[in-house]
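All remarks here apply to the structure that follows.
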Amino acid sequence: MSGDGANSSDTGLNSNPYGSTVEIFSDESVLKEDWQPEKLPEREKELDEIRNALAPATRGVNAHNLFLYGKTGQGKTVAIDHELDLLNEYANSQDDLELSVIKTSANNQSTSYQLAAHLIKEIRDGSKKPSGIDQQSMFDLLYDELRGLNETIIIVIDEIDSIGSNDDLLYELPRARKNGHLEDQWISVIGISNDLEFRDNLSPKVKDSLYDSEIEFAPYNANQLTSILERRAERAFVDGVLDGDVIPLCSAFAAQDEGSARQAIRLLYKAGELALNNDNEVIHESHVREARDILERKRIEEGMRSLTTQDQLALLSVVALEIDEETPARTRQVYQKYKDIAAILDSNQLVERRVRDHLQSLGMQGFLIVETRNRGIQGGSHYRFEVKTDLEATLDILGEDNRIDDVVEDLTDIATAKNLV
DNA sequence: CTTCCACGGGAAGTCACGGATG
DNA sequence: CATCCGTGACTTCCCGTGGAAG
C-alpha cells in the first residue's frame, strides 16, 4: 500500500566488478519494469476522467464503476495506481472516509468462480484459495470477507478479460448492495482490459451493471513515445552516451508495433546493455536494431515454451509443410501432416475439429499467419496457415523439447539441405 | 442473380482430475 | 470413504455461410 521509494543507489558507478571500462547508466532502475513514473503528461486527460469517476467516493457514496481499456504498455495500470494513491492519501487525511482498495489481477483466473476465490484469498492476505464448493457459496464467502472491510470498497481487477464470457461475478459485484449482500458498504469495480473486443462480448446485463464509465487508452504515437523515453533517458543514462537517432528509433519501432511504452523502454534498456557489454561508449542505432532482434526472439521463445504438446504438434505440422514448401496450407493438409507426425511420435491424435482450435490459437499467439479464403463453388471457404516466426529459431526452440525433438531434428536436417535455414 | 462447396464454428456431451465435504 | 463441485481438454454432431462459378 505504501508508495515505494524510487531511489535506488545500487547501480555501480565507480568500480566495475566485471571490468567494464565504459559508463552508460547513471540510474538503471528507471528503466526497469516496476519503475513508477510520478508524472504522466501524455495521459492527463485520462487521469482527469479517472479522478471524476473516483470522486464520488470522497462524498460518501460509491465511486463510479470504471472500465479502462487499451493495449499493453499504454499506462493503464500506472494511471490507476497513481490516482488510487492520491485517493488513499486523501482518505487518510479525512476522518470520515474509510477506504479499502483491493487490487488484483485476473490473470489465470479464467472464470468468475476462480476470480471470486482469488479475491477471497487476496482479502484474507495469502491464505489458500477456497475451492470445491458451488459458485453461489463461493460468492457468499466473498461477501462475508467484504463485510469485514471498510465502508468504501474499490476493487481493481487487472486483465479482467481473462475471465472471458463467464462473467457472473462482474454482474454480481457492482449490485452487491442493491441485492442486499452488503448493507453499510459502498462497492465499486474498476476493470482493466487489454482486449478491446472483451467489452463487446460481455453479456448485456454485465455491461449495464458494470459500465458507468469507460476510458480508452489509445496507443501512444511515436512523438509521445519519444517524450516518454526522453524523460526516462535523462535520469537513466550518463550524459552524452545516447546517439541522436537512438530514442527516435526506439519510438518508431514501438509505435509501428503496438505503441507500447513498455516495449519502447525495453528496447532502449536493452540497447544500453548491449553498448555496455561491448564496451562501446555511445549507444548507437545499431544497438537498437540488435536489441529489437534479441527481444523479438525472446518473445517468441517465451511464448513457444509455454505451448502444450498438442499445440507444438500443430505448429510442427505447419513447420513441416513450410519446409516442404506447401504453405500456405489449408486445414485438411495440416491435419494430414499432423496425423503423420503424431503417429511417428506415438502421441495421441486429436480429431480435426480440435486441431483446428489449436491452429487458431497459434494464430492468435502470433506464431502462425492465418488467412481465410473462399473459392466459391469449387472450394468453399477455408483457412490457410503458414509459419509467421523465423523458421530457424522456431526449429531451435521446438527442438529443446525432448518429447518431440526427434522429429524436429529430422525436419531441421531437411531444412538445412534445402537451404531454408 | 442464384447455386452450392466444404469448411467454420457453435452446442452439447463425455471424461478425468483436484479439492472439499460430511 | 463416497460423493459433489468446477473445469479443461476432448469428441461428436450439425447448421450456417462467403463468394467464385455459372
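Just so we're on the same page: letters track the sequence lines, and every chain starts at 1.
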Any H358(A) side-chain N or O less than 4.0 Å from OP1/OP2 of dA9(C):
no

Evaluate the side chain to side chain donor-acceptor pair (under 3.5 Å) criterion for residues T104(A) and H118(A): first the C-alpha distance (whole Å), next the side-chain angles of each, then the deciding distance (0.1 Å), finally the verdict.
CA-CA 8 Å; T104(A) 188; H118(A) 187 66; 3.0 Å; yes

May I ask you to evaluate whether R375(A) reaches the phosphate of dG19(C), defined as a side-chain N or O under 4.0 Å from OP1 or OP2?
no

Between R353(A) and D357(A), does at least one N-O distance fall below 4.0 Å, as a salt bridge requires?
yes

Heavy-atom nearest nucleotide on DNA chain B taken for F385(A) and for G376(A); more 5' hit belongs to G376(A)

Quick one: which of dT7(C), dG8(C), dC10(C) gets closest to the side chain of S110(A)?
dG8(C)

Distance to the ring centre below 6.0 angstrom and angle to the axis at most 45 degrees; does that hold for R43(A) and Y220(A)?
yes

Ranking R353(A) and G380(A) by the position along DNA chain B of their nearest nucleotide, the one closer to 5' is G380(A)

Would you tell me if any nitrogen or oxygen in the side chain of T111(A) comes within less than 4.0 Å of OP1 or OP2 on dT7(C)?
yes

Report the nucleotide, chosen from dT21(B), dT11(C), dG18(C), that has the shortest atom-to-atom distance to any side-chain atom of S381(A).
dG18(C)

What I want to find out is whether D340(A) reaches K337(A) closely enough, with some N-O distance under 4.0 Å, to be called a salt bridge.
no

When the distance from CG of L115(A) to P of dT7(C) is rounded to whole Å, what number comes out?
11 Å

Among dA20(C), dC7(B), dG6(C), which nucleotide sits nearest the side chain of H382(A)?
dC7(B)

Checking contacts here: which listed nucleotide (dG8(C), dG8(B), dA21(C)) is nearest the side-chain heavy atoms of Y383(A)?
dG8(B)

From the set dC7(B), dC10(C), dG19(C), return the single nucleotide nearest to any side-chain atom of N374(A).
dG19(C)

Nearest to the side chain of D134(A), which nucleotide is it out of dA9(C), dG6(C), dG8(B)?
dG6(C)

